[in-house]
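FYI, side chains are in, hydrogens and waters are out, and symmetry mates aren't considered; it's all heavy atoms of this structure. Chain naming here is simple, since letters A, B, ... match the order of the sequence lines and numbering starts at 1 in each.
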Amino acid sequence: MNQFTFEGKQKTVLGLFILLGLVCMGLTYLTDDELHTRFWSNFLHNTVFFTGIAFVSTFVMAAFTSAYAGWHTIFRRIWEAYSLFLIVGLGLLMVLIGGVWLHYHHLYHWTDVTALQPYVNDAGVYSDVIKEGFKENPNYDVVLGGKSSFLNKYWYTFGTIITVGVWYLFAKRLRSLSLSEDENGDTSYSHHKKIKFVSAVFLPIAAFSSAAMIWQWVMSLDAHWYSTMFAWYATASWFVAALALTILMIIYLKSKGYLEELTGEHIHDLGKYMFAFSVFWTYLWFSQYMLIWYANNGEETVYFHTRMRQYPVLFYGNLIMNFALPFLILMRNETKRKFGTVGFTAALVFFAHWFDFFQMIKPSARINAEHAMHAHHSAGGHDHEAGGHAVDAGHQFLMGFDFPGFLDIGTFLGFAALFVFFAFSRMAQASLIPKNDPYLGESLHHHV
Amino acid sequence: MKKQNKEVLYGLYNDEEILLDAIKVANKDHLDIMDVYTPFPVHGLDPLLGLEESRLHIAGFVYGALGTLTAFGFMTWVFTRDWPIIFGGKPYFSAPAFIPITFELTVLFSAIGMVVSFYTVCGLGPGTENPTLDDRITDDKFCIAFDTAAYSNDQLSKLKDFFKQTGAEEVNTKMI
């Protein structure tokens, strides 16, 4: 049985979860602070997380095709379905972009236009050089000013639209070539050759553009801070999440009687990938941490200082769930071959990488919000010390920032249901197995 | 393959698929295969021969854990007890700085430990004599070997028939 049918019952359940997500988002908005920081940071968090999974699915298909890999062919359609979610991701990102332009949210410190130039006159005109009638700008922030050629709303807007748009075009092209191979594929393999070409073009584009996008979306929350490891680290997080979601989807589809030819051998390899990339993620996490710890530069350590001192549950919980547990559980051969243990670990790390992004986004969003509210209330209150970060003392537990609360989990489930709903609808459009793919035979006989 | 003064009857095959089919026939006829030699790992061979999963990786884990403890413990002892030095304003016990070397020693211990264990268990390594049945089984031939001591003359002719039926290229006897 290789034709997936999107049943009414599945639609109802997923629809209810999406509804739950909407209700949770509504409740978050109503119970939030005056800048609706929890609502907007949840929106950013889930949008980035699921758009990233769609991006990684496209990337993995392109990488595997370029590397002459064949074993994944049997479940390639799942990645195709995931990758098409990029268009929904772009729509969600447009909401965030709209928020930047219309000042609906204050997630990013760099949106504060009063802080970018050193001189100002009484009419509120800013200048880079001192002129007649201009005086020093009390709000001037030299770091934000220096970064303003990249961290500005034009880059944020057009960078996002063009990049995610290009990713989507590639995903769509790979999908349409694969579908037309089902219809008209023959032994000249012209479709596969085109897929290979598209894949090879996509890889370098994906490598550079994903880094720029993660800087814009997530790293710029800490506008004073930067880390050269951050793009890799966040992409590795997406990567493990995408693999985990693939494993969960395969287990679900098999429980429904689809993908009969998919065996423990394929799950074994996916389990190995999940294991390897969990370790890869840890390597990047540790490299970022150790370089900053060893160099001990004030403007770099502020990121880890905040997280270790004020958010220890996020900081250490992240390491335990994303490194220690998958490392120890997946180390043995047998656990990577059993659907039960692999499925359990996949569910764990899927949540854990969502938690990882929570840990990247929430503390910074909170600091920015406190900063923005402070600036609202007191005239000229733009303190420069440590980039305006709150001191350790007086840190209060805040649900949705120090730890994910029910509303955040509900929002997560809503977004996840939207993602799965979209993936199911795309999977129902074609056979679950690309029947004319030249590598299908290799995939069916896959043996580890 | 240790030198055991055994007389071995062996057949050489050209292809791993033919070899696997031959082993299936041997299993059906309850022939007691001494060993199978191939130039590269053949998928599906282990379960056909009824071999258990190797325990080498368990040994590897133990060696690795030993390496972790050695490196971390030694550095901790040196930098907190034996010869404390301040590096870059860091505390004496600087766990993050110990991690890279701990990682490296974990890999080194498990790798070397597994090589030594493997060589010891298989009787390989310098100073040991390792006779081969035929040099071509390290290149392009696949070999099934029987220990003749376990068979009477009648049965030996049956084994030769077996080789003939299953498509062996060559059948020889050799003392090893």
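- With rounding to the nearest 0.5 angstrom, the OG atom of B/Ser94 is 7.0 Å from the OH atom of A/Tyr294.
- Contact annotation: the side chain of B/His57 approaches that of A/Arg332 to within less than 4.5 Å [non-hydrogen atoms, C-beta and beyond].
- In B/Phe61, the CZ atom is not crowded: 12 or fewer heavy atoms of neighbouring residues, nucleotides or ligands sit closer than 6.0 Å.
- Atom CZ of A/Phe339 sits in a crowded spot, with more than 12 heavy atoms from other residues, nucleotides or ligands closer than 6.0 Å.
- Atom CZ of B/Phe72 sits in a crowded spot, with more than 12 heavy atoms from other residues, nucleotides or ligands closer than 6.0 Å.
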Derivation of the side-chain contact (heavy atoms from CB on, under 4.5 Å) call for B/Lys90 and A/Asn296: CA-CA 9 Å; B/Lys90 296 285 178 274; A/Asn296 206 13; 3.7 Å; yes
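- A distance of 5.0 Å separates CD in B/Glu53 from CD in A/Glu334, rounded to the nearest 0.5 Å.
- Other residues, nucleotides and ligands contribute at most 12 non-hydrogen atoms within 6.0 Å of the OH atom of A/Tyr226.
- The 12-atom threshold is exceeded at CZ of B/Phe40, counting heavy atoms of other residues, nucleotides or ligands nearer than 6.0 Å.
- Other residues, nucleotides and ligands contribute more than 12 heavy atoms inside 6.0 Å of the NZ atom of A/Lys272.
- Heavy-atom contacts from other residues, nucleotides or ligands closer than 6.0 Å to CZ of B/Phe118 number 12 or fewer.
- B/Lys174 NZ: more than 12 foreign heavy atoms inside a 6.0 Å radius.
- Residues of residues 95-104 of chain B lying within less than 4.5 angstrom of chain A, judged on heavy atoms, are B/Pro96, B/Ala97, B/Ile99, B/Pro100 in numerical order.
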